[in-house]
Structure formats: C-alpha cells, structure tokens
Amino acid sequence: MEKPYYSLNRAYQERFGKKTVKISLDAGFTCPNRDGTLDTRGCLFCREGSGDFTAKGSIAEQIEQGKNQKKWQGQSPCYIAYFQAFTNTYAPVPVLKSVYEQAITCKDVVGISIATRPDCLGEDVIELLSELNQKTALWVELGLQTIKPFSIDFIRRGYENTVFENAVYKLAQKNIEIVVHIILGLPHETKQDMLASIAYLNQFPIQGIKLQLLHVLEDTDLATYYQQGNFKTLSLEEYVDVVCDCIAYLRPDIVIHRLTGDGNAKKLLSPLWSTKKRIVLNTIHKTLKQRNIHQGSYFPEKK
C-alpha cells in the first residue's frame with residue numbers, strides 16, 4: 001500500500017529497483033564532544049554514539065555480518081554501508097578515505113551513508129565526499145536535533161545553527177544528498193518548538209529527514225536528569241500526534257528515512273512503549289488516515 005509520505009523504501013525502490021538494506025557500521029571514530037575538543041561528556045542523551053546496533057571487526061567483516069542476518073535471507077537485497085557510530089568525518093582524510101573505500105568495494109554495496117556533525121566538515125573532507133559521490137550513491141546525515149537555543153545548550157550539541165546552515169550549503173554545492181536528524185520530545189520542548197524545527201528545515205536544500213523519538217538510556221546524563229523527575233517522556237498518543245503534524249508540515253519532496261527510532265531495549269529507561277515498533281508505526285499510519293494527512297498537507301504553513 002502506498003504510504004501518505006515519501007518513504008525511504010519508496011526512494012530506494014525508485015533508485016535501485018529492489019529491496020535495499022542499511023548495514024550499521026562502527027569505524028572506530030570518536031567525537032569532538034567526547035575527546036575534549038568541545039567536551040568530554042558527549043551530548044546529554046548519548047550513550048554509545050548511536051552505535052548500539054553495530055557489529056565488530058573490520059569494515060568488510062561488519063558488512064558481511066550485516067548481510068548474514070536471517071531476516072534478509074532469500075530476498076537478495078542490495079546494501080547501504082551506514083557509518084553510524086559517533087562522528088564519521090572526524091579523522092584525517094587518508095583515514096576516512098580508507099574506511100569509505102573498504103565499504104564501497106564490498107559486494108552488493110550500492111551506496112554509503114555517513115552520520116556526522118556539521119562542525120566536522122572541513123574543506124578537505126568536503127572534497128573527499130565529493131569524490132566519493134562520483135563513485136557511489138552517497139548520503140551525509142547531519143545531527144541537527146533541534147533549532148531551539150535553550151535545547152541546543154541543554155543537550156550540549158556544541159555548535160550554532162549557522163554552522164549547520166553553512167555545512168548544508170557546502171554539501172549542496174557538491175550535489176551531495178543530505179539527511180537531517182531531528183529529535184522529538186527533548187526536555188522542555190513544546191509541540192510548537194518541534195514543528196519550528198520542521199519549518200526551519202523546509203527552507204534548505206536537503207533531501208531526507210529522520211524523525212527520532214527521544215530515548216532515555218541508562219548511563220547517560222539524560223537518564224540522571226529523568227530519574228530526578230525533571231521531565232516526562234512523550235506518551236505514544238503524544239508522539240503520534242506530533243509525528244503526524246511533522247509529516248503534514250514537511251516539504252513533500254523530502255524523503256522520510258525514519259518515523260520513530262530504535263533504542264537499545266536492554267538499556268532503555270523510557271518510553272518503554274517504543275520497543276513495540278510495529279504497534280507504533282501502525283498507530284501512526286492509522287492516525288494519518290483518520291486525520292486525512294499526507295506529507296505536505298500543511299505546507300506551506302497556512303496563516
């Protein structure tokens with residue numbers, strides 16, 4: 001059934017003509033928010049730099065492990081190498097070039113997706129990404145999370161919105177596809193704050209977005225703040241409501257790469273309902289139908 005939004009599966013089908021699977025990779029990088037350049041604590045919500053679901057070993061070994069998951073058997077998909085853990089442009093260019101090329105030379109890998117920070121995209125890195133973009137399908141994923149000044153400081157993001165804007169324009173000049181991560185449910189953000197981030201992104205030459213539910217994970221500073229009773233996470237009903245509005249306000253040509261997110265169930269403190277991903281997605285789709293919403297229903301915003 002055709003979804004009322006521009007789904008990642010649809011985008012992959014249009015581009016590659018078959019089932020396409022992302023394999024999460026850990027290239028062993030760190031982050032300026034952890035190595036002392038900006039901070040040593042990481043972002044408030046960060047536990048493993050989003051690398052909870054990566055395998056171990058060399059890049060080729062991790063890709064092979066990803067291919068061998070039982071759920072893909074018999075489907076003969078193609079694969080996207082997803083550099084997910086920590087900041088994946090935060091190393092000297094020769095190191096970056098080596099790990100990227102290890103990935104794209106693996107059998108059935110048709111593209112590469114690189115999660116990074118906008119403040120870790122120097123001119124030499126941009127040139128490397130431009131070269132890579134000539135060899136394979138390439139996405140650069142930028143962790144914006146929010147545009148609210150209070151939240152930026154609170155989560156220890158470590159850069160201003162103008163840094164994000166400059167990075168987007170530099171990547172766009174090289175015709176590199178950009179995916180932006182937004183977190184819904186950050187402490188003390190209202191629904192209007194979250195929708196403001198969507199309206200902001202509509203202005204820029206981006207091609208994709210990830211809508212990520214805030215997960216409170218053990219061993220994070222966010223967990224301490226949560227356990228002290230300083231905020232509540234979103235209920236399923238609240239999350240579905242805001243996601244549906246995000247879809248309605250989102251520019252129609254932007255591919256939605258994610259509608260919720262996967263937290264490590266063994267480390268998840270809240271919201272526990274998020275572990276039932278199928279129920280979450282079904283509820284979102286049901287609500288979109290009930291409210292007669294499709295992507296861009298409210299774009300541009302009606303006065």
Problem set entry | Gln295 (side chain) donor-acceptor with Pro4 (main chain) under 3.5 angstrom | no

Problem set entry | Thr233 to Ser270 - nearest heavy-atom pair and separation | OG1-OG, 2.7 Å

Exercise. Between His181 and Glu141, is a side chain to side chain donor-acceptor pair (under 3.5 Å) present by the stated rule, with each step listed?
Worked result: CA-CA 7 Å; His181 295 214; Glu141 303 194 17; 2.7 Å; yes

Exercise. Just by modelled atom types, is the Val110 backbone N or O under 3.5 Å from a matching donor or acceptor in the Thr136 side chain?
Worked result: yes

For this session: Answer whether the closest heavy-atom distance between the side chains of Val109 and Ile63 falls below 4.5 Å.
Result: yes

Exercise. How far apart are the C-alpha atoms of Tyr159 and Phe164, what are their side-chain angles, what is the distance that settles it, and do they pass the ring-ring contact (aromatic ring centres under 6.0 Å, His included) test?
Worked result: CA-CA 8 Å; Tyr159 66 86; Phe164 167 80; 7.5 Å; no

For this session: Kindly say whether Asn202 contributes a backbone atom to a donor-acceptor pair with the side chain of Arg251 at under 3.5 angstrom?
Result: yes

For this session: Taking only Lys NZ, Arg NE, NH1 and NH2, and the carboxylate oxygens of Asp or Glu, determine whether Asp39 and Arg34 approach each other closer than 4.0 Å.
Result: no

For this session: Report yes if the side chains of Leu129 and Leu96 come closer than 4.5 Å at any heavy-atom pair, otherwise no.
Result: no

Problem set entry | Check: Asp26 side chain, Ala85 main-chain N or O, donor-acceptor pair, under 3.5 Å | no

For this session: Mind checking the CG-CD1 spacing from Leu214 to Ile155? Nearest 0.5 Å is all I need.
Result: 9.5 Å

For this session: May I ask you to establish whether Arg15 and Trp139 are in a cation-pi arrangement, using a distance under 6.0 Å from NZ or CZ to the six-membered ring centre and at most 45° from the ring axis?
Result: yes

Exercise. Of all heavy-atom pairs between Pro77 and Val21, which one has the smallest distance, and what is that distance?
Worked result: CB-CG2, 3.9 Å

Problem set entry | Asn33 (side chain) donor-acceptor with Arg156 (main chain) under 3.5 angstrom | yes

Exercise. Do the non-hydrogen side-chain atoms of Leu121 and Leu142 ever get within less than 4.5 Å of each other?
Worked result: yes

For this session: Under the side-chain contact (heavy atoms from CB on, under 4.5 Å) rule, what do His215 and Lys267 come out as? Steps first, then yes or no, please.
Result: CA-CA 10 Å; His215 290 121; Lys267 297 292 183 178; over 6 Å; no

For this session: Determine, stepwise, if the pair Phe154 / Tyr225 fulfils ring-ring contact (aromatic ring centres under 6.0 Å, His included).
Result: CA-CA 11 Å; Phe154 182 74; Tyr225 192 70; 5.0 Å; yes

Problem set entry | Stacked cation flag Arg10 on Tyr6, 6.0 angstrom / 45 deg | yes

Problem set entry | Listed once per pair and sorted, the ring pair (Phe, Tyr, Trp, His ring centres under 6.0 Å) pairs that draw on residues 99-118, sequence neighbours left out | Phe83-Tyr100

For this session: For the residue pair Leu288 and His294, establish whether any side-chain heavy-atom pair is separated by less than 4.5 Å.
Result: no

Problem set entry | Contact summary for Val280 and Ser274, nearest pair of heavy atoms | CG2-CA, 4.4 Å

Exercise. Are Ile80 and Ile176 connected in a single hydrophobic cluster, I mean Ile/Leu/Val/Met/Phe/Trp/Tyr linked by side-chain heavy atoms less than 4.5 Å apart?
Worked result: no

Problem set entry | Any Asn88 side-chain heavy atom under 4.5 Å of Leu25 side chain | no

Exercise. Do the side chains of Gln102 and Val99 get nearer than 4.5 Å, heavy atoms only?
Worked result: yes

Problem set entry | Ile112 backbone acceptor or donor facing Lys22 side chain under 3.5 Å | no

Problem set entry | Shortest non-hydrogen contact between Leu269 and Gln227, atoms and distance | CD1-NE2, 3.6 Å

Problem set entry | Verdict with reasoning, Glu177 to Val140, per side-chain contact (heavy atoms from CB on, under 4.5 Å) | CA-CA 6 Å; Glu177 292 196 36; Val140 173; over 6 Å; no

For this session: Classify the ring geometry between Phe16 and Tyr12 as parallel (under 30°), tilted (30 to 60°) or perpendicular (over 60°).
Result: tilted

Seminar exercise, completed: In terms of heavy-atom contacts, Leu234 and Pro271 come closest through O-CB, 3.9 Å

For this session: Spell out, as yes or no, whether a donor-acceptor pair under 3.5 Å connects the side chain of Thr20 to the backbone of Cys78.
Result: no

Seminar exercise, completed: Rounded to the nearest 0.5 Å, the CG atom of Leu132 sits from the CD atom of Glu127 at a distance of 12.5 Å

Problem set entry | Interatomic spacing from CG in Asn282 to CZ in Arg278 - rounded to 0.5 Å | 5.5 Å

For this session: Would you confirm whether Thr190, through its side chain, and Asp193, through its main-chain N or O, come within 3.5 Å as a donor-acceptor pair?
Result: yes

Validation: residues 237-248 side-chain donor-acceptor distances under 3.5 Å, sequence neighbours left out:
| residue | atom | partner | partner atom | Å |
| --- | --- | --- | --- | --- |
| Glu238 | OE1 | Ser235 | N | 2.8 |
| Glu238 | OE1 | Ser235 | OG | 3.3 |
| Tyr239 | OH | Leu213 | N | 3.4 |
| Tyr239 | OH | Leu259 | O | 2.8 |
| Asp241 | OD1 | Arg291 | NH1 | 3.2 |
| Asp241 | OD2 | Lys191 | NZ | 2.7 |
| Asp245 | OD1 | Arg291 | NH2 | 2.5 |
| Asp245 | OD2 | Lys191 | NZ | 2.6 |

For this session: Measure the shortest side-chain to side-chain distance between Cys46 and Asp221 over non-hydrogen atoms and say whether it is less than 4.5 angstrom.
Result: no

Exercise. Are Leu211 and Ile284 connected in a single hydrophobic cluster, I mean Ile/Leu/Val/Met/Phe/Trp/Tyr linked by side-chain heavy atoms less than 4.5 Å apart?
Worked result: yes

For this session: To the nearest 0.5 Å, tell me how far Tyr5 OH sits from Ile254 CD1.
Result: 15.0 Å

Exercise. Does the side chain to side chain donor-acceptor pair (under 3.5 Å) test come out yes or no for Arg258 and Gln212, once each step is laid out?
Worked result: CA-CA 7 Å; Arg258 178 182 292 164; Gln212 169 71 56; 2.8 Å; yes

For this session: Report yes or no: does Thr287 contribute a side-chain atom to a donor-acceptor pair with the main-chain N or O of Thr283 at less than 3.5 Å?
Result: yes

For this session: Any salt bridge (Lys or Arg N to Asp or Glu O under 4.0 Å) involving residues 98-122? Give me the pairs, sequence neighbours left out, ordered by first then second residue.
Result: Glu101-Lys135, Arg117-Asp119

Exercise. Are more than 12 heavy atoms from other residues, nucleotides or ligands located less than 6.0 Å from atom CG of Asn292?
Worked result: no

Problem set entry | Minimal non-hydrogen separation, Glu189 against Ser151, with atom names | OE2-OG, 2.7 Å

Exercise. Taking Ser98 for the side chain and Val95 for the main chain, is one N or O donor matched with an acceptor at less than 3.5 Å?
Worked result: no

For this session: Please tell me if the side chains of Thr146 and Ile182 come closer than 4.5 Å, counting only heavy atoms from C-beta onward.
Result: no

Problem set entry | ILVMFWY network linking Tyr200 to Ile178, side-chain heavy atoms under 4.5 angstrom | yes

Exercise. Should Thr220 and Leu44 be marked as a side-chain contact (heavy atoms from CB on, under 4.5 Å) after you check the CA-CA gap, both sets of side-chain angles, and the distance that decides it?
Worked result: CA-CA 7 Å; Thr220 63; Leu44 193 76; over 6 Å; no

Exercise. Checking side-chain hydrogen bond (donor to acceptor under 3.5 Å, both in side chains) against Tyr90, which of Thr116, Thr30, Thr37 comes through?
Worked result: Thr37

Problem set entry | Carboxylate-amine/guanidinium contact Glu218 Lys266, below 4.0 Å | no

Problem set entry | Reported CD1-to-CD distance for the pair Ile152 and Glu160, which is rounded to 0.5 angstrom | 6.0 Å

